[in-house]
Amino acid sequence: MRENFDICVIGGGVIGLSIAIHAAQKGAKVVIVEKGQLGQEASGGRAGLLTTVSEGSSEEHPYARLSREALQYLLHWIPELQSKTQISSGLVQQDLLRLSINHEETSILEDTFQLQSAANPGTTVLSAEKAREIEPLLSPHIQMAVRSPGEYHVDPVQYSHVLAKMARKLGVTIKEQTEAVQLIQQNQKLHGILTNHNDQIRAKTTVLAAGAWSALLARWAKLKLPVYPLKGQIIVLKQGNIDLNVMINTSRGYILSKPNGTVVLGATNEREKFNKAITPKGLEQLLPLFDYVPELKRCEIQELWAGLRPATSDGQPIIGAVPEWEGFYLATGHTRHGVLLSGITGHLVTQELELNKTPNLLNAFGFERFTAAGMR
C-alpha cells in the first residue's frame with residue numbers, strides 16, 4: 001500500500017508527538033511511524049523533571065537559553081493540552097533542594113551555586129538545619145542545601161497520553177508496531193520510507209525523531225549521527241505515609257514524590273548498546289540516594305524501570321535539516337531533557353518547515369556543528 005503525507009515523523013515519543021501536533025495544527029497531513037507503542041521508550045520514564053539546564057559558564061549559553069524558553073513554553077502549552085484532551089499531565093510545582101552530604105559534595109555545590117542562581121534568581125543557600133525545617137525527613141548528615149523555588153515536574157506517562165490523544169484529535173495518522181526499514185530516496189532527495197509491512201509512506205518531509213535509535217536509521221542516508229543510547233535505571237517506591245515537601249537533587253541523582261502515590265529515585269547514566277535490562281550494578285548506583293532520606297528505606301518497591309535516552313557526543317540535541325539532503329530533518333539527541341524540550345522542539349521544527357528558515361533558538365543545534373568540528 002502507498003500513502004501520501006506532508007510530513008512523516010519516525011518515532012512516537014514526546015518529541016515526535018509534539019512535532020506531529022504542531023504541524024497538524026498548521027494544516028499539515030502528518031503520519032507518525034513508531035516501531036513499538038507511543039511513549040514507551042525514554043518518554044516513558046517515571047520522573048519528568050522540568051528543571052532547566054545550565055551548560056557552559058554563562059546563562060546565555062544557547063542550551064541554557066533554549067531550556068529556559070522550553071520551560072516557559074510548556075507552562076503555557078500543557079494547560080492548553082489538558083483542557084482540550086481532558087487528561088491530566090501530572091504537572092506539579094514544587095521547590096527543589098540540591099543537597100550535599102559530605103565535604104566533596106559541599107564544595108561542588110558551592111561552586112555551582114552561581115550558575116544555578118543565575119538561572120533562577122530566587123535560588124538561596126540554606127544551612128542543613130534550615131533545610132530540615134523545610135523537609136523534616138532529610139538525613140541528619142546533610143551539610144548544605146541550595147533551594148530553587150517554584151520548579152516543576154510532570155508524569156511522563158500521563159504526558160505522553162495527553163500528547164497521543166491530542167495528535168489523534170488533530171487527525172494525525174499513527175502507525176504503531178510499524179518500523180521504518182528503508183528510506184525512499186533519489187538524488188539526495190528523500191521521498192519517505194518503506195515499512196516492515198511493505199507499505200510505502202511518501203512524504204514531502206521526513207523527520208527523524210527516533211531517540212536512541214536515530215543513528216541506526218540515519219545510516220540509510222550514509223549519515224554518521226553522533227547519537228548513542230544512555231541507559232537510565234530508576235527505582236519507584238510506594239509512598240505510603242511518606243510525602244516529601246520538595247524535589248531533591250544530589251550528585252548521586254534525584255528523589256521526588258509523585259501525585260500517584262509513588263516516590264521516584266533515579267537515574268543511572270550507563271552507556272550501553274541498546275540493553276534495557278535492569279541490573280544489580282545499576283541499582284547499586286542508586287542506593288546512596290537513601291542516605292539523603294533514610295526513611296525511604298522502609299518503603300515498598302513498586303517498580304524497577306530502565307530506558308534508553310538519546311545522548312549526543314556534546315550533550316546537546318540535534319535539531320535541523322540534514323545538510324545536502326532535501327526533505328530530511330533531524331530532531332533527536334535530547335538526552336535527559338526530552339520532556340522539558342518537547343513542546344518548544346515541536347513548535348520550532350514546525351516553524352522552520354513552514355517558513356524554510358531556521359529559528360534563532362535552533363541555530364546552535366544543527367548537525368553542521370559536528371561537521372565543522374571534524375566530529376562527523
Side-chain angles (χ1 to χ4, degrees), residues 1-44 81 84-85 87 156-186 189-221 223 225 227 229 274 276 307-308 310 319 322 325 327-332 334 338-339 342-343 345-346 349-350 353:
M1 182 174 68
R2 172 173 170 170
E3 297 177 273
N4 295 306
F5 296 88
D6 296 314
I7 298 173
C8 172
V9 180
I10 304 175
V14 293
I15 300 298
L17 282 165
S18 175
I19 292 169
I21 289 168
H22 284 85
Q25 287 175 327
K26 292 288 187 179
K29 184 181 180 184
V30 186
V31 61
I32 293 176
V33 175
E34 166 55 47
K35 65 181 179 63
Q37 292 180 301
L38 297 179
Q40 292 300 298
E41 295 297 343
S43 297
L81 291 171
K84 291 180 177 179
T85 62
I87 303 175
V157 175
Q158 290 177 224
Y159 178 57
S160 294
H161 290 162
V162 171
L163 294 178
K165 184 171 182 179
M166 189 66 197
R168 290 188 170 100
K169 283 175 67 71
L170 290 167
V172 174
T173 300
I174 295 174
K175 295 180 178 290
E176 296 180 292
Q177 306 299 332
T178 301
E179 191 169 356
V181 295
Q182 188 178 331
L183 300 179
I184 302 172
Q185 53 185 296
Q186 184 178 12
K189 183 175 181 179
L190 203 58
H191 298 278
I193 63 169
L194 299 178
T195 76
N196 59 326
H197 303 302
N198 295 317
D199 294 328
Q200 284 191 38
I201 296 178
R202 295 269 177 165
K204 297 174 184 176
T205 302
T206 299
V207 180
L208 181 56
W213 286 263
S214 295
L216 298 180
L217 305 185
R219 291 177 183 173
W220 297 331
L223 201 67
L225 202 60
V227 176
F274 303 99
K276 294 194 292 183
L308 301 176
I319 308 171
V322 179
W325 278 87
F328 195 12
Y329 199 96
L330 303 172
T332 187
H334 293 72
V339 173
S342 59
T345 295
V349 167
T350 299
L353 294 177

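Side chains are part of it too, since the values below use all heavy atoms of this structure and drop only hydrogens, waters and symmetry mates.
Residues Ile184 and Gln200 are in side-chain contact: their nearest non-hydrogen atoms beyond the backbone lie under 4.5 Å apart. For the pair Gln37 and Gln177, the minimum side-chain heavy-atom distance is below 4.5 Å. Inter-residue side-chain proximity for Lys175 and Ile201 is flagged as met; some heavy-atom pair is nearer than 4.5 Å. Using a 4.5 Å heavy-atom threshold, the side chains of Ile10 and Thr206 count as touching. Annotation: side chain of Leu38 is in contact with side chain of Arg168 (closest heavy-atom distance under 4.5 Å). Side-chain contact between Pro156 and Val14 is absent, with no heavy-atom pair separated by less than 4.5 Å. The shortest distance between side-chain heavy atoms of His334 and Ile319 falls below 4.5 Å. Within the 4.5 Å cutoff, the side chain of Ile174 has no heavy atoms near those of the Glu34 side chain.
Considering every non-hydrogen atom in both Thr345 and Ala331, the closest pair reads CG2-CB, 4.4 Å. Across every non-hydrogen atom of Ser18 and Gly346, the tightest pair is OG-CA, 3.4 Å. Across Ala167 and Leu17, no two heavy atoms sit closer than the pair CB-CD2, 4.2 Å. Annotation for Leu217 and Ala180: closest pair CD2-O, 4.3 Å, computed over non-hydrogen atoms. Closest heavy-atom contact between Ser160 and Gly39: OG-CA, 4.0 Å. Heavy atoms only, all atoms of each residue included: Ile32 and Ala20 are closest at CD1-CB, 3.6 Å.
Every salt bridge (Lys or Arg N to Asp or Glu O under 4.0 Å) that Glu41 has, sequence neighbours left out, goes to Lys35, Lys276. For Trp213, the ring-ring contact (aromatic ring centres under 6.0 Å, His included) partners at least two apart in sequence or on another chain are Phe274.
A distance of 13.0 Å separates CG in Leu170 from NZ in Lys26, rounded to the nearest 0.5 Å. To the nearest 0.5 Å, the span separating CH2 on Trp220 from CD on Gln185 amounts to 10.5 Å. A distance of 8.5 Å separates CG in Leu183 from CG in Leu208, rounded to the nearest 0.5 Å. Taking CG from Asn4 and NE2 from His191, the interatomic distance works out to 12.0 Å, rounded to the nearest 0.5 Å. Taken to the nearest 0.5 Å, the CD atom of Gln182 stands 5.0 Å off from the CG atom of Leu194. One distance of note links CG of Leu353 with CD1 of Ile19; it measures 8.0 Å at 0.5 Å rounding.
A distance-only check finds a donor-acceptor pair linking the side chain of Ser214 to the backbone of Ala210 [under 3.5 Å]. A donor-acceptor pair is defined here as one N or O able to donate and one able to accept, closer than 3.5 Å; such a pair exists between the side chain of Thr332 and the backbone of Gly211. No donor-acceptor distance shorter than 3.5 angstrom exists from the side chain of Gln158 to the backbone of Ile87, with no hydrogens or angles considered. Judged purely by atom type and a 3.5 angstrom limit, Thr178 uses its side chain to pair as donor or acceptor with the backbone of Glu176.
For residues 190-215, the pairs satisfying salt bridge (charged side-chain N to carboxylate O under 4.0 Å, His left out) are Asp6-Lys204, with sequence neighbours left out.
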TODO: Go through Glu3 and Lys29 one step at a time and tell me if the side-chain contact (heavy atoms from CB on, under 4.5 Å) criterion holds.
DONE: CA-CA 11 Å; Glu3 297 177 273; Lys29 184 181 180 184; over 6 Å; no
Task: Steps toward side-chain contact (heavy atoms from CB on, under 4.5 Å) verdict (Ile21, Val172) - done: CA-CA 8 Å; Ile21 289 168; Val172 174; 5.7 Å; no
